[in-house]
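Positions are given from 1, in the same order as the sequence printed here.
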Amino acid sequence: MKAAIYCRLSEEDRNKSNVDDDSASIQNQKSMLLEYAHSQNWEVYHIYSDDDYTGADRNRPEFQRLLQDAENKQFDIVLCKTQSRFTRELELVEKYIHGLFPLWGIRFVSIVDNADTDIRGNKKSRQINGLVNEWYLEDMSENIRSVLKNRRENGFHIGATALYGYKKDPDHKGHLIIDEEAAKIVREVFTLFSQGYGKSTIARMLNDRDIPNPTEYKRQKGIILSPPKQKNSTLWKYFSIANMLANEMYIGNMVQGKYGSVSYKTKKNKPRPKEQWYRVEGTHEPIIEKELWDKVQAMREQKAKPFTTGTIGLFSKKALCAECGYVLRSGKRGKWRYLTCPNRSVSKDACEGAFISVERLERKVIAELKRLSEEYLDQDELERNITCSNHYEKQKLCLQENMTVYEKKIQEYGKAIRELYMDKVKEILTESDYLDMVKAFTSEKTRLEKNLIDAKEELTEIEACMKMGNHKKALIEKYMNIEHLTREMVDALIDHIDVGRRIPGTKDVPITIYWNF
């Protein structure tokens with residue numbers, strides 16, 4: 001039997017000697033699990049170790065690698081110290097330990113809390129462990145939210161890093177002090193705008209002087225350790241200037257909570273309404289004087305274009321610069337509309353990439369569509385020439401697996417609720433424990449039923465897309481004689497378009513179309 005050992009750092013046990021070392025907790029787990037595997041005569045396939053990750057993090061790299069190897073049946077057993085080291089989420093306990101692992105022929109064993117999927121009477125204890133861990137996560141999340149809410153309401157800064165122009169006060173936690181080196185740039189931006197310079201022009205002026213943007217500045221100061229993720233991401237952009245000019249933190253007011261987490265189970269955030277922001281006046285020294293601030297805000301309001309609910313741009317978020325990968329920005333001169341790389345206007349060396357009129361791009365797309373139509377009708381070359389951007393079969397298989405797990409778990413929760421009643425009658429459970437567990441099981445059953453409904457709806461959509469994909473010829477014939485595109489056509493036909501740099505000495509702009517079919 002091959003065993004895969006999984007270890008994870010406990011949040012309560014951070015005692016590394018240096019950043020590159022495994023923690024003592026990880027080392028202890030490895031020793032314990034290796035000894036146990038040896039005593040059972042199991043061959044150790046691999047040790048998967050995630051250090052500095054919480055049990056609620058689904059994107060742990062070694063955890064994901066373990067799941068992939070389990071699906072590929074590289075080993076027979078997953079061995080952990082406790083079930084909570086594998087995950088603290090009941091949903092993942094049900095999905096993997098009770099769902100997919102048995103389907104893949106994988107046994108799960110945790111030695112401290114005696115979880116073992118080969119022992120039939122062991123399942124309830126694993127589910128209870130899962131519930132306890134889930135409650136722990138929820139309670140911890142609520143406690144943290146409560147503390148952060150209180151600190152925000154009292155004007156304490158709680159961010160990981162300070163706003164550009166400020167730094168954290170080493171003598172007063174939650175207080176900001178001016179970082180004079182960056183503050184000079186903030187004052188310059190406000191002054192230039194008040195003198196009539198546009199946001200893109202200001203960005204270009206800063207880039208021409210090789211002044212790092214806020215993120216790159218923090219990286220150079222060692223405040224941010226991650227490397228740049230994208231070419232030209234170190235440059236000032238239009239939106240960097242726009243956001244700075246609108247941020248009243250620069251006049252001494254603490255404004256926080258613009259974004260809020262969707263759930264304690266995910267790191268995703270979403271914007272919050274302005275009335276839900278936390279705003280406290282006079283919490284730190286201002287960089288911008290009130291008179292200059294008021295002048296800039298008046299100019300911003302005057303320059304702001306009135307909002308209209310017109311139609312979305314024909315190629316909005318579909319056209320990308322082939323040189324640097326950024327989404328092309330739309331522009332207009334009279335009635336002439338064009339698309340351009342946003343990096344062209346902020347630095348002379350940033351990107352000499354895409355620039356094309358919407359009309360020319362539309363003609364190119366229609367011409368390519370007609371070429372493909374003729375090619376398809378003449379011969380069966382289309383299957384090889386169209387770049388496929390969807391993987392419907394894989395999505396369908398994954399959904400069907402999840403639906404199987406959901407249906408099985410729904411039945412099991414229904415059965416478990418009935419068994420709990422019998423345990424209460426036999427006085428194995430107290431009334432209080434019975435009510436708590438029934439409430440939790442019912443909640444999970446309801447959640448799974450909703451997941452099942454959502455999965456069925458998504459499966460219907462995928463099957464419809466697959467059906468469309470199986471009728472490529474009919475789809476292309478439908479559009480082969482069009483003279484103009486509509487946004488609906490672009491959405492139906494195109495995943496995205498890479499627009500290249502104009503070929504020197506010509507008017508030709510190369511494009512690569514990634515179709516949806």
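- The pair Arg363-Glu359 meets the salt-bridge criterion, with a side-chain N (NZ, NE, NH1 or NH2) lying under 4.0 Å from an Asp/Glu carboxylate O.
- Distance check, rounded to the nearest 0.5 Å: OG1 of Thr191 to OH of Tyr197 gives 11.5 Å.
- Other residues, nucleotides and ligands contribute at most 12 non-hydrogen atoms within 6.0 Å of the NZ atom of Lys2.
- Between Asn247 and Tyr164, the side chains place no donor N or O within less than 3.5 Å of an acceptor N or O (distance only, hydrogens not considered).
- Salt bridge present: Lys364 and Asp508 bring a charged side-chain N and a carboxylate O closer than 4.0 Å.
- The aromatic rings of His284 and Tyr166 sit perpendicular to each other, their planes meeting at more than 60°, with 30° as the lower class boundary.
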Item to check | Test log, rule side-chain contact (heavy atoms from CB on, under 4.5 Å), inputs Ile211 and Met205 | outcome: CA-CA 9 Å; Ile211 295 173; Met205 291 167 70; over 6 Å; no
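- Side-chain contact between Val78 and Tyr48: absent, with no pair of heavy atoms (C-beta onward) separated by less than 4.5 Å.
- In terms of heavy atoms, Leu339 sits closest to Ala319 at CD1-CB, 4.1 Å.
- Residues Phe156 and Val280 fail the side-chain proximity criterion, which asks for heavy atoms closer than 4.5 Å.
- Side-chain contact between His46 and Leu66 is absent, with no heavy atoms from C-beta onward closer than 4.5 Å.
- Of all heavy-atom pairs between Arg187 and Ile287, the closest is NE-O, 3.5 Å.
- When side chains are defined from C-beta on, Thr87 does not count as touching Arg8, because their heavy atoms never get closer than 4.5 Å.
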Next on the checklist: Quick one, Trp277 with Lys274, criterion side-chain contact (heavy atoms from CB on, under 4.5 Å). Give me CA distance, side-chain angles, the key distance, then yes/no.
Outcome noted: CA-CA 5 Å; Trp277 295 358; Lys274 195 168 183 177; 3.7 Å; yes
Item to check | Glu181 and Lys221: CA distance, side-chain angles, deciding distance, side-chain contact (heavy atoms from CB on, under 4.5 Å) verdict | outcome: CA-CA 11 Å; Glu181 183 180 353; Lys221 295 293 182 182; 2.9 Å; yes
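- Contact record, Ile503 with Thr506: O-OG1, 2.8 Å, taken as the closest heavy-atom pair.
- Going from atom CG of Leu314 over to atom OG1 of Thr486 covers 7.5 Å, rounded to the nearest 0.5 Å.
- Considering all non-hydrogen atoms of both residues, Lys199 and Ile241 come closest at O-CG1, 3.7 Å.
- For the atom pair Ile356 CD1 and Ile497 CD1, the distance stands at 8.5 Å (nearest 0.5 Å).
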Checklist entry - Would Glu62 and Arg60 satisfy salt bridge (Lys or Arg N to Asp or Glu O under 4.0 Å), going step by step from the backbone distance to the final call? => result CA-CA 6 Å; Glu62 287 293 279; Arg60 289 168 272 156; over 6 Å; no
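- By the 4.5 Å heavy-atom criterion applied to side chains, Gln195 and Leu192 are counted as neighbours.
- Rounding to the nearest 0.5 Å places CZ of Arg85 at 14.5 Å from CZ of Phe63.
- Residue Arg152 holds its CZ atom at 11.5 Å from CE of Met254, rounded to the nearest 0.5 Å.
- At least one side-chain heavy atom of His157 sits less than 4.5 Å from a side-chain heavy atom of Gln256.
- Separation of atoms CG (Asn402) and CG (Leu397) is listed at 9.5 Å; rounding is to 0.5 Å.
- Open room surrounds CD on Glu285; 12 or fewer heavy atoms of other groups in view lie less than 6.0 Å from it.
- Looking at Arg300 and Gln297, their side chains do bring a donor and an acceptor atom within 3.5 Å of each other.
- Considering only heavy atoms from C-beta on, Tyr338 stays 4.5 Å or farther from Arg360 through its side chain.
- Proximity of Glu483 to Ile366: side-chain heavy atoms (C-beta onward) are nowhere separated by under 4.5 Å.
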Checklist entry - For His496 and Val327, what are the C-alpha separation, side-chain angles and deciding distance, and is it a side-chain contact (heavy atoms from CB on, under 4.5 Å)? => result CA-CA 10 Å; His496 71 278; Val327 175; over 6 Å; no
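- Remark: side-chain polar atoms of Trp236 are paired, donor with acceptor, to backbone N or O of Pro212 under 3.5 angstrom.
- Classification of Glu188 and Arg209 as a salt-bridged pair holds, one side-chain N sitting under 4.0 Å from a carboxylate O.
- When all heavy atoms of Ile202 and Val189 are compared, the pair lying nearest together is CD1-O, 3.9 Å.
- Within a 6.0 Å radius of NZ in Lys258, more than 12 heavy atoms belonging to other residues, nucleotides or ligands are found.
- The closest donor-acceptor contact from the side chain of Lys168 to the backbone of Ala160 lies under 3.5 Å.
- Put simply, the side chain of Glu248 never gets that close to the backbone of Val255: no donor and acceptor are under 3.5 Å apart.
- No donor-acceptor pair closer than 3.5 Å links the side chain of Lys456 to the backbone N or O of Met403.
- A side-chain donor-acceptor contact under 3.5 Å links Asp50 and Tyr6.
- Taking both residues in full, the closest heavy atoms of Cys321 and Ala354 are given as SG-N, 3.7 Å, listed atom of the first, atom of the second, then distance.
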